[in-house]
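Contents: one structure, followed by commentary.
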Amino acid sequence: MMNIFVVAINQLSDIAIDKVNKPNLPLVSGDISIGEAIAIAVISTLTSLAMGVMLRSPPLVIALILRCILGAAYSIDLPLLRWKASPLMAAVAIVIGTGINNVLPYFLHVQKYVLGRPVVFTKPLLFAVAFSAIFSIVLSFLKDIPDVEGDKKSGIRTLPVILGKERVLSMSTGILLMAYASAALAGVFSPILLCKLVTMIGHSVLGFILWSKAQTVDLSNAKSTYSFFIFIFQLYYTEFFLMHFVR
């Protein structure tokens with residue numbers, strides 16, 4: 001539910017930019033009104049926080065509040081906010097909000113408040129947090145490639161605007177390939193044969209697919225760059241399966 005707030009507040013803050021980059025979005029196209037979008041943002045926030053409180057889980061409540069604050073800071077155009085205009089602050093918001101915040105609080109919630117077990121920071125957990133953070137960094141870079149034209153007109157200096165689409169694509173792909181290589185190497189030292197094979201082969205295959213897909217991206221075509229961005233999200237969620245085999 002809190003992600004609905006994040007999306008709603010982003011679209012409310014980016015109406016001018018989205019008229020150029022994403023004219024089919026519901027707010028820009030007129031499918032919903034500004035009042036309806038504000039209502040969606042408020043209701044989703046209150047509902048999300050209420051669910052966290054009802055579950056009596058401090059980690060969940062903290063995670064939801066943090067997600068709300070980071071989502072607002074990323075999008076809202078006020079002094080010291082609008083972090084999306086800064087590549088560094090945008091990366092910080094996404095790494096904390098999407099990477100670390102998507103893994104650690106939920107682990108703490110299940111471990112302590114669902115299973116009633118003592119909290120132990122295991123190797124798979126640390127791997128999950130690290131890999132999620134890396135993916136979040138890459139996603140924070142790639143998400144702005146399809147939006148370069150609108151960002152330039154609005155004076156938003158994202159990384160693709162500063163460095164160019166080609167360099168950002170190359171850098172992002174390189175970061176993920178190094179992460180996959182490191183994960184495959186970690187599998188070599190796994191004491192369990194099945195975990196060793198799945199970790200090594202799985203990450204090697206995904207790395208090869210990533211490299212192959214990156215060669216086909218047409219940076220002059222917004223649909224192609226957006227499709228690659230969605231593909232990285234698919235790799236990200238695939239990793240939630242593979243990380244169970246890291247030992």
Side-chain angles (χ1 to χ4, degrees), residues 3-34 36-37 40 71 74-75 77 82-87 90-91 93-95 97-99 102 131-132 134-180 205-241:
N3 283 336
I4 296 176
F5 161 77
V6 172
V7 173
I9 201 69
N10 182 258
Q11 291 195 26
L12 283 165
S13 303
D14 284 359
I15 293 176
I17 298 175
D18 290 339
K19 285 181 179 179
V20 177
N21 292 331
K22 302 167 184 175
N24 294 325
L25 289 178
L27 189 57
V28 177
S29 64
D31 288 340
I32 63 173
S33 66
I34 291 179
E36 290 171 332
I40 291 171
Y74 178 85
S75 297
D77 193 4
R82 192 66 165 170
W83 289 1
K84 70 175 295 177
S86 164
I94 292 175
V95 167
T98 305
N102 270 3
F131 233 76
S132 294
I134 291 171
F135 261 99
S136 298
I137 291 172
V138 170
L139 289 168
S140 74
F141 294 164
L142 292 176
K143 69 177 178 57
D144 295 317
I145 290 181
D147 299 339
V148 165
E149 296 306 319
D151 288 338
K152 282 182 178 178
K153 291 181 180 179
S154 300
I156 304 295
R157 290 179 57 78
T158 60
L159 206 62
V161 171
I162 297 171
L163 299 181
K165 297 179 182 180
E166 295 83 0
R167 292 180 65 183
V168 171
L169 175 64
S170 177
M171 181 172 60
S172 300
T173 303
I175 291 172
L176 279 186
L177 287 175
M178 286 190 291
Y180 278 130
V205 169
L206 290 181
F208 177 75
I209 294 174
L210 167 65
W211 177 82
S212 301
K213 183 76 172 179
Q215 309 308 307
T216 67
V217 178
D218 180 4
L219 291 172
S220 64
N221 187 309
K223 288 185 178 180
S224 177
T225 54
Y226 183 72
S227 174
F228 185 71
F229 174 71
I230 296 300
F231 168 72
I232 299 300
F233 254 114
Q234 293 169 343
L235 291 180
Y236 175 55
Y237 288 116
T238 302
E239 192 59 41
F240 280 95
F241 168 75

Set out, in order, the CA-CA distance, both residues' side-chain angles and the distance that settles side chain to side chain contact (heavy atoms under 4.5 Å, CB included) for Ile209 and Val205, then state yes or no. CA-CA 6 Å; Ile209 294 174; Val205 169; 3.8 Å; yes

Can the ring centres of Phe240 and Tyr236 be said to be less than 6.0 Å apart? yes

Nearest heavy-atom approach of Pro160 to Phe141 is CG-O, 3.8 Å

Are the side chain of Ser13 and the backbone N or O of Ile9 linked by a donor-acceptor pair below 3.5 Å? yes

Counting N and O atoms only, with roles assigned by atom type, does the side chain of Ser227 sit under 3.5 Å from a partner on the main chain of Lys223, one being a donor and the other an acceptor? no

Quick check on Ile15: does its CD1 atom have over 12 non-hydrogen neighbours (other residues, nucleotides or ligands) under 6.0 Å away? yes

Exam field: side chain Thr173 to backbone Ser170, donor-acceptor pair closer than 3.5 Å: no

In this structure, CG of Asp31 is separated from CG of Asn24 (nearest 0.5 Å) by 9.0 Å

Work out which heavy atom in Ala37 is nearest to a heavy atom in Ala8; give both atom names and the distance. O-CB, 4.1 Å

Quick check: do Leu219 and Glu166 have side-chain heavy atoms less than 4.5 Å from each other? yes

Would you say Tyr180 and Leu235 make side-chain contact, with heavy atoms under 4.5 Å? yes

Rounded to the nearest 0.5 Å, what separation is found between the CG atom of Leu206 and the CG atom of Leu177? 11.0 Å

Rounded to the nearest 0.5 Å, how far apart are CD1 of Ile40 and CG of Leu12? 9.0 Å

Atom CZ of Phe231: over 12 foreign heavy atoms under 6.0 Å: yes

Can any side-chain N or O of Ser140 pair as donor or acceptor with the backbone N or O of Ile137 at less than 3.5 Å? yes

What is the distance from atom CG of Leu142 to atom CG of Leu169, rounded to the nearest 0.5 Å? 6.5 Å

Heavy atoms only: give me the nearest Ser224-Asp218 pair and the separation to one decimal. OG-N, 2.9 Å

Minimum heavy-atom distance between Tyr74 and Ala90, given as atom pair plus value: CE1-CB, 3.8 Å

Classify the ring geometry between Phe233 and Phe229 as parallel (under 30°), tilted (30 to 60°) or perpendicular (over 60°). perpendicular

Donor-acceptor pair, Ser86 side chain versus Trp83 backbone, under 3.5 Å? no

Might you point out which heavy atoms bring Val95 and Ser136 nearest each other, and give the distance in Å? CA-CB, 3.7 Å

Hey, which of Asp144, Asp77, Asp14 is the one that makes side chain to side chain donor-acceptor pair (under 3.5 Å) with Lys84? Asp14

Are Lys165 and Val148 packed together at the side-chain level, in the sense that at least one heavy-atom pair is separated by less than 4.5 angstrom? yes

State, to 0.1 Å, how close Arg167 and Leu163 come at their nearest heavy-atom pair, and which atoms those are. CD-O, 3.4 Å

Rounded at 0.5 Å granularity, tell me how far CD1 in Ile175 sits from CZ in Phe135. 11.5 Å

Could you walk me through whether Leu27 and Asp18 pass side chain to side chain contact (heavy atoms under 4.5 Å, CB included), step by step? CA-CA 9 Å; Leu27 189 57; Asp18 290 339; over 6 Å; no

Is there a side-chain contact between Leu210 and Phe228 (heavy atoms, below 4.5 Å)? yes

